[in-house]
Engineer: 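Below: one structure in structure tokens.
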Amino acid sequence: MLVLGIETSCDETAAAVVEDGRRVLSSVVATQFELHAQYGGVVPEIAARRHLESILPVIQAALDQAGVTLKEIDGLAAAQGPGLIGALVIGMAVAKALAFTLKRPLAGVHHLQAHILAAFLTDSPPAFPFIALVVSGGHTNLYKVRGFRDMDLLGRSRDDAAGEAFDKVAKLLRLGYPGGVKIEALAREGDPGVYPLPRPRIPEEPLTFSFSGLKTAVVHQVKKHPEILEDPVAQAHLAAGFQESVVESLVSRAWLALEETGCTRLVVCGGVAANGRLRQVLQEQAGATGMELFLPPLNLCTDNAAMVAAAGYYQLQAGERLDLDADVFSRG
Ligand code: KG4
Ligand code: ZN
């Protein structure tokens with residue numbers, strides 16, 4: 001079954017053709033980051049307008065690269081939420097129009113579930129059950145995953161998402177947008193021990209994440225040592241200290257979830273899973289504890305439509321159909 005996936009939940013316009021939820025025939029991502037960089041973050045109205053301009057050419061490119069025509073598509077899948085409403089609406093409207101005219105079924109895909117199912121687009125997909133850590137710009141969620149459509153939330157961030165913290169700290173250090181990649185590059189040159197930062201914990205909720213205190217601690221360090229902003233070496237130390245704290249927070253809770261559930265497999269996905277230091281620490285920890293680690297390649301970690309097509313495939317196989325009057329959603 002060939003599914004055309006469409007993803008427009010934030011600032012990437014993406015389309016992909018995936019066969020049987022496993023084989024990626026094409027995956028096209030048009031990023032908008034240069035549009036938003038001057039504002040230091042995603043501007044929803046600008047994102048929506050760019051999606052509108054890009055969506056049809058991106059879909060055409062995905063069909064061309066897959067070597068298929070629209071008539072050969074068996075089903076449609078579009079991100080339904082969570083995300084920016086004005087952005088989601090563009091992808092969903094196009095998906096509905098295609099489903100209606102082609103008379104094909106449509107799946108409304110949960111963006112975070114799609115991030116998890118990206119692990120099934122790799123050569124060695126995980127077996128069920130497994131723990132999934134989804135670390136993106138909007139979410140930091142831990143799930144126990146029993147099946148393609150069967151996942152329980154074990155923990156989440158009570159305030160900022162990990163990616164959001166990367167973006168805010170990058171802005172504070174005047175590194176620009178998107179923040180994660182810039183912090184990672186700078187941190188490579190720094191020593192995390194120079195500016196010690198807290199490792200926030202909530203004793204009564206050990207699987208809950210919190211990153212706003214860490215961000216505030218970075219603000220305090222900059223206030224205490226304003227020279228940091230003028231000194232690239234000091235900036236690198238602070239970026240490294242921040243990154244190390246986020247990585248420790250993510251890895252320790254993921255392992256706690258593995259221990260508490262007795263699961264032996266861990267999937268880590270979402271944009272922050274592209275972070276090299278996080279990947280390195282996860283690999284070391286997996287090696288030391290004998291857990292099986294599944295880290296999708298970078299292009300499947302950041303937003304893409306192949307993951308949406310894969311998630312949509314399992315929904316369509318289960319007989320789930322999105323009504324053509326269904327709405328998109330921002331949270332959940
Ligand atoms: O999953 P994603 O592409 O979009 C959302 O669904 O939010 O995640 C985007 C987030 C941004 O906050 C970005 O700064 C972060 O992922 N990110 C990174 C890296 N690459 C992207 N964070 C840390 N290190 C990276 N290399
Ligand atoms: Zn995402």
Side-chain angles (χ1 to χ4, degrees), residues 5-14 16 27 29-33 36-37 40-42 44 47 51 78-84 87-88 91 109-119 132-141 156-157 160-173 175-188 190 209 211 214-215 239-240 242-251 267-282 295-308 310-311 328-332:
I6 296 175
E7 159 63 46
T8 60
S9 62
C10 190
D11 60 344
E12 326 275 4
T13 315
S27 178
V29 180
T31 182
Q32 308 181 351
F33 72 82
H36 302 283
V42 178
H51 284 309
Q80 192 182 3
L84 303 171
L88 287 162
V109 170
H110 192 285
H111 181 83
L112 300 179
Q113 289 187 359
H115 268 301
I116 296 172
L117 297 186
L133 172 62
V134 187
V135 264
S136 71
H139 297 83
T140 310
N141 290 4
R156 59 191 298 174
S157 175
D160 293 351
E164 191 179 355
F166 268 98
D167 294 335
K168 285 181 176 170
V169 168
K171 204 169 172 179
L172 186 79
L173 295 180
L175 301 177
Y177 171 86
V181 182
K182 306 227 168 168
I183 298 249
E184 178 180 356
L186 190 61
R188 252 181 247 128
F209 300 89
F211 294 106
L214 178 59
K215 179 197 65 198
F242 164 76
Q243 178 174 266
E244 212 54 29
S245 184
V246 174
V247 167
E248 194 275 337
S249 165
L250 295 173
V251 174
V267 169
V268 184
C269 52
V272 182
N275 183 275
R277 179 65 186 149
L278 175 62
R279 295 173 87 89
Q280 181 191 5
V281 174
L282 285 167
L295 276 174
L298 303 196
N299 61 333
L300 289 174
C301 282
T302 48
D303 283 351
N304 66 87
M307 66 184 194
V308 172
V328 296
F329 57 90
S330 62
R331 296 172 174 278

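Heavy-atom basis, side chains included; hydrogens, waters and symmetry copies ignored. Both counts, for ligands and for their atoms, begin at 1 and track the order of listing. Counting begins at 1 with the first residue of the sequence.
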Engineer: What closest approach, in Å, do P82 and R331 show between heavy atoms, and which atom pair accounts for it?
Structural biologist: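 Between these two residues, the closest heavy atoms are CB-CA, 3.9 Å.
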Engineer: Could you identify the single nearest non-hydrogen protein atom to atom 24 (N) of ligand 1 and state the distance to 0.1 Å?
Structural biologist: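 The closest one turns out to be N275 ND2, 3.0 Å.
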Engineer: Relative to atom 6 (O) of ligand 1, which among H111, E12, H139, E7 owns the nearest non-hydrogen atom?
Structural biologist: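 Among H111, E12, H139, E7, the closest heavy atom to atom 6 (O) of ligand 1 comes from H111.
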Engineer: Quick one: nearest non-hydrogen protein atom to atom 7 (O) of ligand 1, plus distance?
Structural biologist: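 Heavy-atom neighbour on the protein nearest atom 7 (O) of ligand 1: G137 N, 2.8 Å.
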Engineer: Between atom SG of C269 and atom CE of M307, what is the distance when rounded to the nearest 0.5 Å?
Structural biologist: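 C269 SG to M307 CE: 8.5 Å, rounded to 0.5 Å.
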Engineer: What is the nearest protein non-hydrogen atom to atom 13 (C) of ligand 1, stated with its residue, atom name and distance?
Structural biologist: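 The closest heavy atom on the protein side is D167 OD1, 3.8 Å.
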Engineer: Run the numbers for me: atoms of ligand 1, each under 4.0 Å from some heavy atom of G163, listed by number.
Structural biologist: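 Near G163, the atoms of ligand 1 are 12 (O).
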Engineer: Test side-chain contact (heavy atoms from CB on, under 4.5 Å) on F329 and L88 and set out the steps.
Structural biologist: CA-CA 8 Å; F329 57 90; L88 287 162; over 6 Å; no
Engineer: Using atom types as modelled and distance alone, determine if a side-chain donor or acceptor of D167 lies under 3.5 Å from a backbone N or O of G179.
Structural biologist: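 Confirmed, D167 side chain pairs with G179 backbone.
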Engineer: Examine all N, O or S atoms of H115, backbone included, and report whether one is under 2.8 Å from the Zn ion (ligand 2).
Structural biologist: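 Short answer: yes, at least one N, O or S atom is under the cut-off.
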Engineer: What heavy-atom pair brings I6 and V308 nearest, and what distance separates the two atoms?
Structural biologist: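 Answer, listing the atom of I6 first, then V308: O-CG1, 3.6 Å.
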Engineer: So, are E184 and R277 salt-bridged, with charged N and O less than 4.0 Å apart?
Structural biologist: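 No salt bridge links E184 with R277.
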Engineer: Of all the non-hydrogen atoms in the protein, which one sits nearest to atom 22 (N) of ligand 1, and at what distance?
Structural biologist: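 Sorting protein heavy atoms by distance from atom 22 (N) of ligand 1 puts G180 CA, 3.3 Å first.
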Engineer: Could you tell me which non-hydrogen atom of T13 sits nearest to which non-hydrogen atom of Q32, and how far apart they are?
Structural biologist: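 Here T13 and Q32 meet closest at OG1-NE2, 3.7 Å.
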Engineer: Between ligand 1 and G270, is the shortest N or O to N or O distance under 3.5 Å?
Structural biologist: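 Such a contact does not occur with ligand 1.
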Engineer: Taking all non-hydrogen atoms of both residues, which atom of D303 and which atom of E7 are closest, and how far apart?
Structural biologist: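 Minimum heavy-atom contact is OD2-OE2, 4.2 Å.
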Engineer: Tell me which protein heavy atom sits closest to atom 5 (C) of ligand 1, plus the residue, atom name and distance to 0.1 Å.
Structural biologist: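 Of every protein heavy atom, D303 OD2, 3.5 Å lies nearest to atom 5 (C) of ligand 1.
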Engineer: Cut-off 3.5 Å, side chains only: do H111 and S9 have a donor facing an acceptor?
Structural biologist: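 Yes, side-chain donor-acceptor contact under 3.5 Å.
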Engineer: For atom 20 (N) of ligand 1, which protein heavy atom lies nearest, and how many Å away is it?
Structural biologist: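 Protein heavy atom with the smallest distance to atom 20 (N) of ligand 1: G271 O, 3.5 Å.
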Engineer: Which of the atoms of ligand 1 are close to G138, meaning less than 4.0 Å from one of its heavy atoms?
Structural biologist: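 The atoms of ligand 1 under 4.0 Å from a heavy atom of G138 are 7 (O).
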Engineer: Can you see which heavy atom on A162 is nearest to which on V135, and at what distance?
Structural biologist: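 For A162 and V135, the tightest heavy-atom pair comes out as CB-CG1, 4.1 Å.
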Engineer: Below 3.5 Å, N or O to N or O, backbone or side chain included: is there any such pair between T302 and ligand 1?
Structural biologist: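 Among all N and O atoms of T302, none is under 3.5 Å from an N or O of ligand 1.
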Engineer: What's the shortest distance from atom 15 (C) of ligand 1 to any protein heavy atom, and which residue and atom give it?
Structural biologist: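 For atom 15 (C) of ligand 1, the nearest protein heavy atom is V272 CG2, 3.9 Å.
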Engineer: Taking the Zn ion (ligand 2) as the vertex, what is the angle from NE2 of H111 to OD1 of D303, given to 10 degrees?
Structural biologist: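 So the angle at the metal works out to 90°.
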Engineer: Starting from atom 26 (N) of ligand 1, which protein heavy atom do you reach first, and at what distance in Å?
Structural biologist: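 Going by distance alone, atom 26 (N) of ligand 1 is nearest to E184 OE1, 2.8 Å.
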Engineer: With a cut-off of 4.0 Å, which atoms of ligand 1 are near a heavy atom of H115?
Structural biologist: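 Heavy-atom distances to H115 below 4.0 Å select 1 (O), 6 (O).
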